[in-house]
Amino acid sequence: MKKIAVLPLNKQRDSTCPKVFGVSLLELQQQGLSKNGIPIVVWNIVEYLTQHGMTQEGLFRVNGSMKMVEQLRLQYERGEEVELVKDGDVYSAASLLKLFLRELPDGIITSALHPRFIQLYQDTRNDMQKESYLKELLKELPEAHYCLLKYLCQFLIKVAEHHVENRMNLCNLATVFGPNCFHVPSGFEGIKEQEICNKIMTKMLENYNTLFELEGLKKDEEKPVCEELARIILVKMGSLGLGLIETLLLDKHKFFHSVGMLVLALPKVLYVEHKCLTLKIMT
């Protein structure tokens, strides 16, 4: 059976073991308890649930055994090697993930930025403006918080893909995880804020590609185009004189213009400038 947890610590209780729950994301990174910016405990739980829990009805809505959740928590705190397949179950692992998020000293959405998220959805901007501002606001999160939020949203979208079996669509998941990602005050004001936070959580899940992925995809798509243009120009320069290549480029102005290029023919030097490509070819 595959072992899910990989914390490299012994099974004996050790008072020198760093805490895992209730400490900041930055501190977990500094202690070596993160993997690619994601807390190892979160990484382990998500891997386990991806393999064993995606079709479980009521995943994240149904609470696990309080006793088992506490036992798993203590194992992580002691630095023991936790085998969720052997030591836990799907509902307890899901509850442990929510517990970890709730006990962060500063929520995934930090207290410093929290009021601005609330204000965004209280003003009169249209949906497109709100989405654009939300993307910029997310970029202001500390790197560790941004990475965890992106990782969590990506996982929850995968959970929602099995909503027919697990009965957890994006809206249901946002209602469960809103309180775990946004730490709101208690009382009536907190209840009103939580409704807004759940709506924001829903938006982040529904518009994940636009908010988290689109910029990276654009860069990936742009690079091959630039490389191909550079190859074409270099090949032509190798077989034609400068005067002919200048004529070719100028005659094909509409083609280069369509990809945002500016061609300037200067004596003995050809400059081709693009947002991701600059060539200076000497004759």
Query raised in the report: Crowded around K130 NZ? As in, over 12 foreign heavy atoms under 6.0 Å?
Result: yes
Report task. Output yes when a side-chain donor or acceptor of E77 lies under 3.5 Å from a complementary backbone atom of V20, and no otherwise. Result -> yes
Query - Shortest non-hydrogen separation from L156 to L173 and the atoms involved - result: O-CD1, 3.3 Å
Requested in this report: State whether the side chain of K98 and the backbone N or O of F60 hold a donor-acceptor pair below 3.5 Å, judged by distance alone.
Outcome: yes
Report task. Determine, stepwise, if the pair R73 / E103 fulfils salt bridge (charged side-chain N to carboxylate O under 4.0 Å, His left out). Result -> CA-CA 12 Å; R73 172 191 173 130; E103 292 200 352; 2.7 Å; yes
**Report entry** Backbone N/O of G37 and side chain of S34: donor-acceptor pair under 3.5 Å
**Finding:** no
Report task. Enter the distance from D123:CG to Y133:OH here, rounded to the nearest 0.5 Å. Result -> 8.5 Å
Requested in this report: Mind jotting down which residue pairs meet the side chain to side chain donor-acceptor pair (under 3.5 Å) criterion with at least one end in residues 140-162? Sequence neighbours excluded, please.
Outcome: R116-E140
**Report entry** Reported CG-to-SG distance for the pair L138 and C153, which is rounded to 0.5 angstrom
**Finding:** 8.5 Å
**Report entry** K135 side chain to T210 backbone, donor-acceptor under 3.5 Å
**Finding:** yes
Query raised in the report: Quick one: which of L72, V42, N44 gives a side-chain contact (heavy atoms from CB on, under 4.5 Å) with L96?
Result: L72
Requested in this report: Look up atom CZ in F182 and atom CD1 in I118, then write down how far apart they are to the nearest 0.5 Å.
Outcome: 7.0 Å
Query raised in the report: Checking side chain to side chain contact (heavy atoms under 4.5 Å, CB included) for the pair H163/L170: CA distance, chi angles, key distance, verdict?
Result: CA-CA 9 Å; H163 68 91; L170 291 180; over 6 Å; no
Requested in this report: Heavy atoms only: give me the nearest I45-A93 pair and the separation to one decimal.
Outcome: CG2-O, 3.4 Å
Query raised in the report: Are K192 and E189 close enough for a salt bridge, meaning some N to O gap below 4.0 Å?
Result: yes
Query - side chain to side chain contact (heavy atoms under 4.5 Å, CB included) evaluation trace for T110 with H114 - result: CA-CA 6 Å; T110 61; H114 180 98; over 6 Å; no
Report task. First locate atom CD of Q31, then atom CD of Q29, and finally report the distance between them rounded to the nearest 0.5 Å. Result -> 11.0 Å
Query raised in the report: To the nearest 0.5 Å, how far apart are CZ in F117 and CE in M201?
Result: 11.0 Å
Requested in this report: Rounded to the nearest 0.5 Å, what's the gap from OG on S92 to CG on L97? Could you check?
Outcome: 12.5 Å
Report summary line: In short, L104 meets V23 closest at the heavy-atom pair CD2-O, 3.6 Å
Query raised in the report: What's the verdict on side-chain hydrogen bond (donor to acceptor under 3.5 Å, both in side chains) for Q75 and Q71, showing C-alpha distance, side-chain angles and the deciding distance?
Result: CA-CA 6 Å; Q75 284 181 270; Q71 287 175 343; over 6 Å; no
Query raised in the report: Does the pair L152 and F177 meet the rule for a side chain to side chain contact (heavy atoms under 4.5 Å, CB included), with working shown?
Result: CA-CA 10 Å; L152 181 64; F177 277 87; 4.0 Å; yes
Requested in this report: Could you walk me through whether K139 and E136 pass salt bridge (charged side-chain N to carboxylate O under 4.0 Å, His left out), step by step?
Outcome: CA-CA 5 Å; K139 290 179 181 179; E136 295 306 312; 3.7 Å; yes
Report task. Return each pair, listed once, that meets side chain to side chain donor-acceptor pair (under 3.5 Å) where at least one residue sits in residues 164-179; pairs must be two or more places apart or across chains. Result -> N169-N172
Query raised in the report: Do we see a donor-acceptor contact under 3.5 Å between the side chains of Q194 and N198?
Result: yes
Query - Any donor-acceptor pair under 3.5 Å from S95 side chain to G64 backbone - result: yes
